[in-house]
Amino acid sequence: MSRLEARLALTLGDFSVDVDLQADAEVVALIGPNGSGKTSMLRAIAGLEPCSEARVVIDGVTVADTSAGVDLPPEQRRVGYVPQGYGLFPHLDVTDNVAFGLNFVDPPPGRHERTERAMGVLRELDCDHLADRGPKELSGGEQQRVALARALVIEPQALLLDEPIAALDAITGKRVRAVLAARLRAFDHPTIVTTHDVRDVESLGAHVVAVEHGRIVQEGSLSGIRTRPATDFIAAFVGS
């Protein structure tokens, strides 16, 4: 069974994160107030945030272990990461944006194969008609799906999605949630999603991990947390 295990300790100015996080082939929703460390946790797992202490194991492969001097670069971790704002390259069209990560696969496929693989994932997400457009020509929902396609094309062993619905209006958000839920059900690997919206947790059927001040303060099913929220923030989030 696919599994992600992350032991992370990092310091950001006068703020620290110290967590143990596990995820099987499921969706885990990281919730917490702004500044609680959620984005830093994703970036550390992806290899984009330095840690004073880290051990990250993805599908049985140790990609980071500070005690053993292991620290694989992001492109070797087989992690699909979608940051806030989606991070699309403005100078590349949709096809080249999606295919970009394949440049770092070992061995890298040729240009034709990169294009074919990018188009295949775009078709899966019903956005292959956007292939020749630039990011500025896309709606928020289209950008989100293209960013997801770019994360999926490398056939990752884990997905990290940082507030994937937050920038979308209510109607687009509802539609994209449905697309995302269907795609993640088929993914069959660990997925970690940060969110400020309980509707994301509901639509994705996610296991909830609540983080405050860089520490995990509660985790469990949404129904269980609604019954007995551990903090005021969690109570407000779940509407308890």
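Small disclaimer: the values here were computed from a predicted structure and weren't measured. Values below: every heavy atom of this structure, side chains too, minus hydrogens, waters and symmetry copies.
Salt bridge status for Asp200 with Arg177: present, with a side-chain N to carboxylate O gap under 4.0 Å. The residues Arg117 and Glu124 are annotated as not salt-bridged, no charged nitrogen and carboxylate oxygen being separated by less than 4.0 angstrom. Under a 4.0 Å N-O distance rule, the pair Asp71/Arg77 qualifies as a salt bridge. Under the 4.0 Å criterion applied to side-chain N and carboxylate O atoms, Arg3 and Glu5 are assigned as salt-bridge partners.
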From CA spacing to verdict: side-chain hydrogen bond (donor to acceptor under 3.5 Å, both in side chains), Asn34, His196: CA-CA 9 Å; Asn34 287 332; His196 283 287; 3.0 Å; yes
Go through it in stages, so that I can follow the logic: the residues are Leu88 and Val146, the test is side-chain contact (heavy atoms from CB on, under 4.5 Å), and I'd like the CA-CA distance, side-chain angles, deciding distance and then a yes or no. CA-CA 8 Å; Leu88 299 178; Val146 170; 3.9 Å; yes
Could you walk me through whether Leu4 and Gln22 pass side-chain contact (heavy atoms from CB on, under 4.5 Å), step by step? CA-CA 6 Å; Leu4 183 154; Gln22 293 84 37; over 6 Å; no
After noting the C-alpha distance and the side-chain angles of Asp93 and Arg133, does the key distance pass the side-chain contact (heavy atoms from CB on, under 4.5 Å) rule? CA-CA 5 Å; Asp93 64 18; Arg133 298 187 192 178; over 6 Å; no
Kindly indicate, with the supporting measurements, whether the criterion side-chain hydrogen bond (donor to acceptor under 3.5 Å, both in side chains) is fulfilled by Thr191 and Glu26. CA-CA 6 Å; Thr191 300; Glu26 60 182 346; over 6 Å; no
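Rounding to the nearest 0.5 Å places OG of Ser40 at 7.5 Å from CZ of Arg43. To the nearest 0.5 Å, the span separating CZ on Phe233 from CD on Gln218 amounts to 11.5 Å. Of the inter-residue distances, the one linking Arg175 atom CZ with Ile165 atom CD1 reads 11.0 Å to the nearest 0.5 angstrom. In this structure, CD in Glu137 is found 10.0 Å from CD in Glu142, a value given to the nearest 0.5 Å. Note that CZ of Phe15 is 8.0 Å distant from CG of Leu10, once rounded to the nearest 0.5 Å.
The residue from Leu30, Val27, Leu159 that alone fulfils the side-chain contact (heavy atoms from CB on, under 4.5 Å) condition with Ile192 is Leu30. Residue Arg7 forms a side chain to side chain donor-acceptor pair (under 3.5 Å) with just one option from Asp65, Thr66, Asp18, and that option is Asp18.
For residues 149-167, there are no salt bridge (charged side-chain N to carboxylate O under 4.0 Å, His left out) pairs, not counting sequence neighbours. Counting only residues at least two apart or on different chains, the ring pair (Phe, Tyr, Trp, His ring centres under 6.0 Å) pairs with a member in residues 143-189 are Phe187-His189.
Thr195 places a side-chain N or O within 3.5 Å of a backbone atom of Asp197 that can act as its donor or acceptor partner.
Annotation: side chain of Val211 is not in contact with side chain of Arg215 (no heavy-atom distance under 4.5 Å). When side chains are defined from C-beta on, Val153 counts as touching Leu102, because their heavy atoms get closer than 4.5 Å.
Within 6.0 Å of CG in Asp169 there are more than 12 heavy atoms belonging to other residues, nucleotides or ligands.
Here Val57 is tied to no hydrophobic group at all, with no ILVMFWY side chain closer than 4.5 Å.
Checking Ser2 against Gln157 by side-chain atom types alone, no donor-acceptor pair falls below 3.5 Å.
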